[in-house]
Amino acid sequence: MTSSDSAEKKTGKPLHCLVTGATGYIGGRLVPELLEAGHRVRCMVRSPHKLRDYPWAQDVEIVRGDVTDADSVASAMADIDVAYYLVHALTTGADFEETDRRSATVFAESAVSRGVGRIVYLGGLTPPGVPEGELSPHLRSRAEVGRILLDSGVPTTALRAAVIIGSGSASFEMLRYLTERLPVMVTPSWVSTRIQPIAVRDVLRYLVGSARMPRDVNRAFDIGGPDVITYRDMMQRYAEIAALPHRLILPVPMLTPRLSSHWIGLVTPVPRSIARPLAESLRYEVVCQEHDIVRYVPDGPGQPFTFERALRLALQRVREAKVTTRWSSASVPGVPSDPLPTDPDWAGGSLYTDVRELDVEASPQALWKVVEGIGGDHGWYSFPLAWAVRGWLDRLVGGVGLRRGRRDTDRLRVGDSLDFWRVEEIEPGHLLRLRAEMRLPGLAWLEMYAEQDDRGRAHYRQRALFHPRGLLGHAYWWSVSPFHAVVFGGMARNIARAATGQASAAPAEERGALSR
């Protein structure tokens with residue numbers, strides 16, 4: 001350790017940290033932890049507006065950039081001490097390994113040119129003794145990214161984790177829904193594979209602590225909790241903690257990762273595009289071979305968390321609706337993000353709309369409460385079977401389906417996933433604009449407005465928009481338009497009815513406050 005390293009460790013001088021993937025599950029949680037530790041934070045994201053409603057957004061610098069674009073990465077790394085690499089191209093298509101390789105190379109080269117002091121990377125734990133060529137594409141790519149960063153010449157900490165347990169993580173959601181929905185399970189053989197899960201809180205602690213590693217440390221670290229268990233045990237322990245009856249689990253060897261990803265996709269909110277790499281990774285025994293991280297980031301009392309404690313905390317967060325980020329926080333790769341057709345920079349072309357308007361016997365505030373609470377457990381206020389069928393069809397063609405739900409039962413922010421929509425814009429008390437992320441031959445939006453008429457009553461306006469892509473897009477619109485009166489018309493009427501009902505049920509003093 002150099003004298004400058006010792007001085008820095010002693011004084012605890014704040015570091016300037018760059019976080020990529022800040023709209024993702026880990027990145028969105030890491031930023032406030034870095035701020036809490038006293039560091040300055042710059043977030044590089046492709047769509048800065050998606051961070052607008054995060055509670056810490058005003059405390060960080062937000063820059064636009066893409067890890068595949070060398071110029072934007074180099075610009076984002078100006079005056080940076082520690083650069084966190086928390087992105088991957090997992091579901092961008094068959095060439096995701098090449099995308100990951102190119103992105104890591106750009107990141108490494110930019111860090112060298114800008115004189116960054118350290119790179120911190122979170123990758124996957126790989127099984128010992130298995131040649132890299134025999135690993136699943138997902139694990140192979142994560143290992144290659146780690147190697148590129150470690151060979152960059154910039155001191156690098158590459159943390160390698162297996163299953164991350166925390167409210168909203170893809171692994172937790174998969175475990176939760178499989179266990180809760182299936183008292184009897186015919187499962188793949190990988191349920192008997194040993195795994196070393198880790199609590200998300202420990203992952204974040206190691207990520208933050210890695211920022212201050214000595215300059216001569218350039219290596220990978222295995223990180224995991226104290227428990228080494230099988231996936232079958234994980235499901236049974238979840239059932240215990242959630243007070244569910246004992247689950248009957250029947251492993252079936254012929255269920256390949258590809259087939260089991262379909263099974264996971266049907267039962268859980270995790271789409272097949274994410275379920276498959278998760279299932280492929282679970283084929284291997286992933287157990288830590290060392291715990292050297294403790295030399296640089298000491299474990300305190302009760303750390304790392306046991307699997308049971310991590311589960312209890314995750315369940316508590318879910319039940320209290322305090323899930324800060326979810327696996328679906330990041331945009332679904334491949335989903336168009338073109339501007340709304342009414343934007344000034346819209347390129348033009350055909351545009352179909354369905355507009356519904358209703359006066360509502362309630363205050364605008366009562367109406368807005370219903371609008372902002374839409375989706376998830378509250379449903380879509382319209383012909384549930386039609387929405388369910390549309391969700392199932394989307395799942396069958398590899399889409400996200402209707403079961404992603406909501407991050408929070410009552411409040412939304414820009415960038416939140418909402419079943420098979422994503423919040424594109426929200427003006428509290430007035431406008432909610434959703435962009436479709438289901439598989440469609442075109443681009444689709446749904447807008448809901450809570451307005452006020454001359455008498456102070458609420459006026460509800462709803463607009464569905466569809467920009468078709470080719471002949472198939474036009475055919476799609478005309479094939480579903482006969483059902484719009486039932487689906488969209490019913491939605492408008494039921495939202496208005498729900499707002500009226502809430503206003504009527506409110507105490508007299510609350511109704512008076514709402515009407516002011």
Side-chain angles (χ1 to χ4, degrees), residues 23 50 53 167-168 173 176-177 268-271 317-332 335 337 340 354 356 360 366-395 399-440 443-450 460-466 480 483-484 486-499 501-502:
T23 58
K50 289 184 179 178
D53 297 329
S167 59
E173 294 282 279
R176 174 187 169 204
Y177 279 86
T268 79
V270 181
R317 287 283 185 177
V318 170
R319 289 166 178 166
E320 294 175 353
K322 293 181 178 178
V323 181
T324 54
T325 61
R326 298 179 69 217
W327 61 270
S328 56
S329 297
S331 297
V332 175
V335 172
S337 56
L340 184 72
D354 180 279
R356 311 278 166 169
V360 183
L367 174 58
W368 176 252
K369 186 176 180 181
V370 175
V371 169
E372 192 177 12
I374 201 166
D377 293 339
H378 294 157
W380 291 87
Y381 296 94
S382 170
F383 199 17
L385 180 60
W387 286 90
V389 169
R390 185 64 186 86
W392 279 105
L393 289 174
D394 194 53
R395 300 284 285 197
V400 296
L402 197 62
R403 289 203 304 270
R404 287 191 301 182
R406 300 170 51 110
R407 177 190 57 82
D408 187 292
T409 54
D410 300 308
R411 292 170 295 278
L412 292 172
R413 65 189 182 202
V414 169
D416 271 358
S417 61
L418 182 58
D419 292 326
F420 46 43
W421 305 88
R422 188 169 297 275
V423 179
E424 184 172 87
E425 182 57 81
I426 184 166
E427 297 176 13
H430 176 58
L431 163 68
L432 174 62
R433 178 184 300 142
L434 308 175
R435 190 182 73 244
E437 290 194 334
M438 73 277 284
R439 298 295 180 91
L440 289 169
L443 307 174
W445 292 264
L446 178 63
E447 291 182 329
M448 289 166 275
Y449 293 85
Y460 177 66
R461 182 158 60 94
Q462 174 183 294
R463 189 168 67 138
L465 305 98
F466 183 68
V480 299
F483 303 101
H484 286 174
V486 175
V487 176
F488 291 131
M491 176 188 288
R493 291 190 298 272
N494 290 330
I495 286 176
R497 189 177 297 121
Q502 284 193 11

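As the structure is a computational prediction, the values presented were derived from the model and not from experiment.
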**Request:** Under the side-chain contact (heavy atoms from CB on, under 4.5 Å) rule, what do F488 and L446 come out as? Steps first, then yes or no, please.
**Result:** CA-CA 10 Å; F488 291 131; L446 178 63; 4.3 Å; yes

**Prompt:** Under the side-chain contact (heavy atoms from CB on, under 4.5 Å) criterion, do E372 and I426 qualify, and how do the steps go?
**Reply:** CA-CA 9 Å; E372 192 177 12; I426 184 166; 4.0 Å; yes

**Request:** Would you sort out whether W380 and L418 count as a side-chain contact (heavy atoms from CB on, under 4.5 Å), showing the intermediate values?
**Result:** CA-CA 11 Å; W380 291 87; L418 182 58; 4.0 Å; yes

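Distance alone, capped at 3.5 Å, places no donor-acceptor pair between the R176 side chain and the S167 backbone. Distance alone, capped at 3.5 Å, is enough to place a donor-acceptor pair between the D408 side chain and the D410 backbone.
Side chains of L432 and W368 form a contact here, defined as non-hydrogen atoms less than 4.5 Å apart. Looking at E425 and E447, their side chains never come closer than 4.5 Å, going by heavy atoms from C-beta outward.
Of all heavy-atom pairs between A492 and R356, the closest is CB-CB, 3.9 Å. A pairwise comparison of heavy atoms in A499 and V360 identifies CB-CG1, 4.0 Å as the closest pair.
To the nearest 0.5 Å, the span separating CG on L434 from CH2 on W445 amounts to 12.5 Å. Atom CG of L465 is separated from atom CZ of R433 by 8.5 Å, given to the nearest 0.5 angstrom. Annotation: the span from M448 atom CE to H430 atom NE2 amounts to 13.0 Å, rounded to 0.5 Å. Distance check, rounded to the nearest 0.5 Å: CG of L412 to CG of D53 gives 9.5 Å.
A salt bridge does not link E424 with R422: none of the charged nitrogens is closer than 4.0 Å to a carboxylate oxygen.
A cation-pi arrangement, defined by a distance under 6.0 Å to the six-membered ring centre and an angle within 45 degrees of its axis, is present between R461 and Y449.
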